[in-house]
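For clarity, every value in this text was computed on a predicted model and none was experimentally measured. For ligands, and for the atoms within them, numbers begin at 1 and follow the listed sequence.
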Amino acid sequence: MSVLLICTGRDPQVWVNAIREQQPDIKLYVYPEAHDPQEIKYAVTWKHPKGVFNKYPNLEVIASIGAGVDHIISDPEIPKNTLITRIIDEQLTRDMSTFILSLVLDKMRNISVHHGKKTWNPLPYQTLNDEKIGIMGLGVLGKAAAQTLSSNGFKVAGWSKSRKQIEGVSTYHGERGLQDFLKSTSILICLLPLTSETECILKKELFEQLPKGAYLINVARGEHLVEHDLLEMLDKGQLSGASLDVFRTEPLPEEHPFWKHPKVHITPHIASVTDPKKVVFQLMENYKRMLQRKPLMNIVELKKEY
Ligand code: GLV
């Protein structure tokens with residue numbers, strides 16, 4: 001049996017090297033190199049061409065090389081009965097938390113504003129007590145971000161689909177909890193998984209429930225955001241600014257209005273990127289478990305879509 005690597009938008013060679021280092025004797029094919037589809041039971045993937053997995057009659061597992069699996073689940077032609085796994089990794093989680101912390105501090109202290117100005121003009125800044133952080137999504141990444149911000153002295157609230165409890169964090173859940181959560185959030189951070197329920201959740205009706213002048217940080221997926229609603233809310237002053245790390249189309253097209261908007265701060269999907277060397281062990285461990293018919297780690301619940 002062999003492993004298939006399908007990796008678009010990221011360099012496949014670093015994954016090949018990491019996999020071979022971990023398991024030198026592995027039979028590994030890198031899509032689209034010639035191979036017999038019958039041989040493939042395990043696929044390691046990032047943004048595969050839609051429908052491609054239909055060609056693999058013996059495929060048992062599709063392993064995402066990232067924390068997100070929306071790039072897999074959004075393919076309506078994923079063969080039934082294949083298991084989907086995701087990455088859960090301490091470094092990936094920590095990188096996300098520290099990235100968010102740096103964006104929050106930058107926003108409060110106007111650091112990039114000062115860098116951009118090249119004039120001696122000290123601006124008033126916000127302190128810890130001025131901001132109320134609200135995190136949407138309390139999975140592995142959201143919970144860690146909430147804890148990091150809380151342990152740095154921030155007032156933190158979290159919202160999730162089902163009830164969660166996190167020490168030091170006020171938690172809200174479900175449709176009913178959303179309104180109360182938004183009402184007292186001055187910096188809204190989206191860390192939700194992208195599912196059919198959360199797509200376009202960051203829209204006008206939601207922004208209007210935030211206090212005037214709130215700030216948005218989206219480090220989840222571009223599809224969470226209704227882009228023209230954000231522009232409208234920024235122009236009306238309902239939102240004071242937004243830091244966006246993810247976009248519907250990546251790289252963000254040159255002509256996109258976000259590039260020129262003075263209140264939109266763009267980073268090129270760098271919040272937290274999987275380090276192949278750190279996670280290849282779990283990918284190969286799952287491969288072995290699959291061959292030995294043992295339960296796999298980090299399986300995605302298809303019904304929940306994450
Ligand atoms: C990155 O965006 C990931 O899902 O790991």
Is K236 paired with E208 through a side-chain N to carboxylate O contact shorter than 4.0 Å?
no

Heavy-atom side-chain contact between [X] and [Y] under 4.5 Å:
X    : Y    : value
L283 : I19  : no
L192 : Y306 : no
Y31  : T8   : no

Could you list the atoms of ligand 1 found under 4.0 angstrom from a heavy atom of W46?
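Those of ligand 1 that fall under 4.0 Å from W46 are 1 (C), 3 (C), 4 (O).
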
Taking heavy atoms and a distance under 4.0 Å, where does R221 meet ligand 1: side chain, backbone, both or neither?
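It is the side chain that gets close, since no backbone atom is under 4.0 Å.
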
Within the 4.0 Å heavy-atom cut-off, what R10 brings close to ligand 1 is side chain

Heavy-atom count around N81 CG within 6.0 Å, excluding the residue itself: above 12?
no

For [X], is at least one N or O under 3.5 Å away from an N or O on ligand 1?
X    : answer
H269 : yes
G68  : yes
L92  : no

For atom 3 (C) of ligand 1, what's the nearest protein heavy-atom neighbour? Residue, atom name and distance, please.
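Result: A67 N, 3.5 Å.
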
For T171, is there any backbone N or O sitting under 3.5 Å from a side-chain donor or acceptor partner on H173?
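Such a contact is absent between H173 side chain and T171 backbone.
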
